[in-house]
Amino acid sequence: MKQHLQHPVFSVISKLAAEKNVQAYAIGGYVRDIFLNRTSKDIDVVILGNGIDFAEAVAAQLNVKLSVFKNFGTAMLRYQDVEVEFVGARKESYRSDSRKPIVENGTLDDDQKRRDFTINALAISLHPDNYGELIDPFGGIVDLNNKLIRTPLNPVETFSDDPLRMMRAIRFASQLSFTIDPVAVAAIKSNLQRIKIVSQERVTDELNKIILSPVPSVGFNYLFDTGLLHIIFPQMAGLYGVEIINGKGHKDNFYHTLQVLDNICEATGDLWLRWAAILHDIAKPATKRFEQGHGWTFHGHEDKGARMVPKIFTQLKLPLNDKMKFVQKLVQLHLRPIVLSQSIVTDSAVRRLLFDAGEDIEALMLLCKADVTTKNEYKVKKYRQNFELVQQKLKDVEERDSIRNWQPPVTGLDIMQLFGISEGREVGIIKNKIREAILEGEIPNDRDAAISFTIEKGKEIGLKVVEN
């Protein structure tokens with residue numbers, strides 16, 4: 001293991017451990033990531049003794065600033081390219097109404113027992129007497145090799161003590177493509193209601209990490225199968241299921257959504273575009289209808305879905321800023337390119353799509369491509385060909401008409417000065433007519449044409465040009 005301890009911070013820790021006659025260990029994610037061949041810049045160090053005092057000595061030796069968090073008994077420093085956090089070894093006990101532990105000083109064994117998973121309980125000694133020795137009391141290396149998420153102690157107690165660990169188990173499974181130990185899965189199911197004592201911010205943080213994992217459906221399948229999803233995100237769980245009337249069924253919108261999410265993850269790491277994939281069909285249960293002679297319909301699910309986005313973002317404590325508006329816009333518009341790809345594409349329809357989508361047109365097209373989940377290869381090929389046609393039209397129309405991020409060539413102020421009127425209904429009427437004329441291709445998107453058009457439409461509603 002010594003070859004993985006080449007960073008100069010380790011030699012300083014080792015030297016001070018010998019001088020102060022204390023045991024020091026690298027523990028947790030840094031050690032785990034060595035075996036996963038992942039580079040980690042965060043190092044957790046456990047001291048058998050006072051972690052803050054030891055951290056102060058290390059910071060002085062390195063001549064760097066130390067941040068001390070006395071309430072948590074931890075201290076953190078940054079040196080070169082790594083962040084090192086120090087803590088004294090401890091054991092923990094919990095009350096039933098809180099995930100905040102009662103902490104006491106403990107041994108290394110105590111500290112490893114309090115870790116969430118065996119793969120995070122691995123430790124490497126930093127004392128010169130046994131420098132580089134791996135301490136693995138719970139079979140974490142075997143679990144890494146078997147790609148298994150397992151708790152060091154009884155998972156029922158582990159998850160009851162800190163229910164956020166249920167989300168973390170699923171997050172690690174999703175990030176690493178690991179399997180959760182069946183005993184741990186059963187323990188999650190028996191502790192479901194405990195998740196309610198965890199703050200929404202912490203739950204959503206883990207949910208976002210699942211969404212950002214390489215194949216998020218791994219995590220969402222665990223969330224659904226354990227029942228956690230029904231508590232933390234009931235609207236998404238509500239997408240599940242197929243109803244059949246007169247032999248006609250619709251697709252399962254839960255599994256369709258997971259496929260769309262996985263599809264879009266192949267093209268982008270953007271969290272909010274992934275959220276758009278999750279929410280694009282969120283209103284289908286609310287808009288589902290069976291029409292005799294036709295089958296299942298979900299009319300208006302894009303409009304209702306867009307209206308649901310702010311409520312869901314509020315519920316999950318997600319940001320209610322431009323990120324939310326971006327997701328809302330994509331949910332609102334997600335059918336438009338698909339409809340265009342199924343019919344003759346007119347310049348007018350393309351201009352309107354460009355006008356409504358603006359700078360988010362590429363993101364919208366990515367979402368629409370991901371939304372094609374049919375297993376019919378002929379349909380897939382046809383959709384892709386039509387999408388390519390739509391994309392070329394978008395490019396051609398944008399180059400010619402400059403509709404994206406459109407600014408009217410004639411402003412409300414121009415109209416008021418032209419006719420000598422104050423702000424009011426007439427100004428709004430003419431502005432709308434200009435926009436519609438440009439989007440329909442009746443006039444080009446330039447100022448001279450728009451001025452002539454303005455004068456003409458002004459006359460129609462009784463306005464006269466005033467002489468300057």
Side-chain angles (χ1 to χ4, degrees), residues 1-51 54-55 57-58 74-77 79-92 105-155 158 165 168-169 171-173 175-181 183-184:
M1 297 305 298
K2 290 181 182 179
Q3 62 178 313
H4 300 290
L5 303 175
Q6 298 302 310
H7 197 284
V9 75
F10 290 119
S11 62
V12 172
I13 293 171
S14 182
K15 178 172 173 286
L16 285 170
E19 288 177 8
K20 293 178 175 295
N21 195 29
V22 299
Q23 296 297 317
Y25 302 89
I27 196 166
Y30 182 84
V31 184
R32 177 200 69 223
D33 285 348
I34 289 173
F35 294 94
L36 292 173
N37 295 313
R38 300 199 310 185
T39 302
S40 180
K41 300 297 183 183
D42 297 318
I43 304 169
D44 290 335
V45 176
V46 165
I47 304 298
L48 300 192
N50 191 307
F54 190 88
V58 174
T74 64
M76 186 268 291
L77 61 82
Y79 181 66
Q80 294 183 359
D81 58 339
V82 297
E83 192 172 277
V84 190
E85 184 167 316
F86 297 84
V87 65
R90 55 194 183 180
K91 56 183 176 181
E92 298 174 343
N105 292 334
T107 63
L108 176 66
D109 183 60
D110 290 327
D111 204 90
Q112 288 177 297
K113 283 178 179 174
R114 75 178 182 83
R115 302 280 161 169
D116 50 8
F117 310 115
T118 60
I119 62 172
N120 292 335
L122 300 166
I124 300 174
S125 175
L126 300 178
H127 193 282
D129 289 351
N130 56 347
Y131 190 75
E133 179 185 329
L134 179 69
I135 298 96
D136 177 18
F138 305 112
I141 297 300
V142 172
D143 289 343
L144 279 171
N145 290 333
N146 291 334
K147 298 189 171 183
L148 186 69
I149 303 295
R150 194 168 58 86
T151 59
L153 303 178
N154 181 340
T158 296
R165 290 170 176 164
R168 284 171 58 81
R171 185 250 290 184
F172 278 116
Q175 286 179 329
L176 302 174
S177 293
F178 277 27
T179 300
I180 302 175
D181 177 38
V183 178

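Remember, predicted model here, so these are calculated numbers, not experimental data. All residue numbers refer to positions in the sequence shown, counting from 1.
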Novice: Sequence neighbours excluded, which residues qualify as side-chain hydrogen bond (donor to acceptor under 3.5 Å, both in side chains) partners of Asp109?
Specialist: Lys113
Novice: Sort and list the pairs that fulfil side chain to side chain donor-acceptor pair (under 3.5 Å) and have at least one residue in residues 5-14, not counting sequence neighbours.
Specialist: His7-Asp81
Novice: Taking atom CG of Leu148 and atom CD1 of Ile180, what is their separation to the nearest 0.5 Å?
Specialist: 9.5 Å
Novice: Would you sort out whether Asp110 and Arg114 count as a salt bridge (Lys or Arg N to Asp or Glu O under 4.0 Å), showing the intermediate values?
Specialist: CA-CA 6 Å; Asp110 290 327; Arg114 75 178 182 83; over 6 Å; no
Novice: Between Val82 and Asp42, is a side chain to side chain contact (heavy atoms under 4.5 Å, CB included) present by the stated rule, with each step listed?
Specialist: CA-CA 6 Å; Val82 297; Asp42 297 318; over 6 Å; no
Novice: Can you list, pair by pair, the side-chain donor-acceptor contacts under 3.5 Å of residues 122-144, counting residues two or more places apart and other chains?
Specialist:
unit_1: Ser125; atom_1: OG; unit_2: His127; atom_2: N; d: 3.3
unit_1: Ser125; atom_1: OG; unit_2: Asn130; atom_2: OD1; d: 2.6
unit_1: His127; atom_1: ND1; unit_2: Asp129; atom_2: N; d: 3.1
unit_1: Asn130; atom_1: ND2; unit_2: Glu133; atom_2: OE1; d: 3.3
unit_1: Tyr131; atom_1: OH; unit_2: Leu5; atom_2: O; d: 3.3
unit_1: Asp136; atom_1: OD1; unit_2: Gly139; atom_2: N; d: 3.2
unit_1: Asp136; atom_1: OD1; unit_2: Gly140; atom_2: N; d: 2.7
unit_1: Asp136; atom_1: OD2; unit_2: Gly140; atom_2: N; d: 3.3
unit_1: Asp136; atom_1: OD2; unit_2: Ile141; atom_2: N; d: 3.1
unit_1: Asp143; atom_1: OD1; unit_2: Arg150; atom_2: NE; d: 3.3
unit_1: Asp143; atom_1: OD2; unit_2: Thr118; atom_2: OG1; d: 2.6
unit_1: Asp143; atom_1: OD2; unit_2: Arg150; atom_2: NE; d: 2.9
unit_1: Asp143; atom_1: OD2; unit_2: Arg150; atom_2: NH2; d: 2.9

Novice: Test of understanding: with ring-ring contact (aromatic ring centres under 6.0 Å, His included), list the residues that count as partners of Phe172, not counting sequence neighbours.
Specialist: Phe117
Novice: Are Asp44 and Val87 packed together at the side-chain level, in the sense that at least one heavy-atom pair is separated by less than 4.5 angstrom?
Specialist: no
Novice: What pairs with Asn120 under side-chain hydrogen bond (donor to acceptor under 3.5 Å, both in side chains), at least two apart in sequence or on another chain?
Specialist: Arg32, Asp116
Novice: Working to the nearest 0.5 Å, report the span between CD of Gln175 and CD1 of Ile149.
Specialist: 9.5 Å
Novice: Evaluate the criterion side chain to side chain contact (heavy atoms under 4.5 Å, CB included) for residue pair Ile43 and Val9; output intermediate values, then yes/no.
Specialist: CA-CA 10 Å; Ile43 304 169; Val9 75; 4.2 Å; yes
Novice: Heavy-atom distance under 4.5 Å between the side chains of Pro152 and Gln112, does that happen here?
Specialist: no
Novice: Apply the test side chain to side chain contact (heavy atoms under 4.5 Å, CB included) to residues Asp33 and Phe35: give CA-CA distance (whole Å), side-chain angles for both, the deciding distance (0.1 Å), then the verdict.
Specialist: CA-CA 5 Å; Asp33 285 348; Phe35 294 94; over 6 Å; no
Novice: Between Lys41 and Glu83, is there a side-chain heavy-atom distance shorter than 4.5 Å?
Specialist: no
Novice: Please step through side chain to side chain contact (heavy atoms under 4.5 Å, CB included) for the pair Lys15 and Val58, ending with a clear verdict.
Specialist: CA-CA 10 Å; Lys15 178 172 173 286; Val58 174; over 6 Å; no
Novice: Would you give me the side-chain donor-acceptor pairs under 3.5 Å for residues 20-31, sequence neighbours excluded?
Specialist:
unit_1: Tyr30; atom_1: OH; unit_2: His4; atom_2: O; d: 3.2

Novice: Is there a donor-acceptor pair under 3.5 Å between the side chain of Arg90 and the backbone N or O of Asp111?
Specialist: no
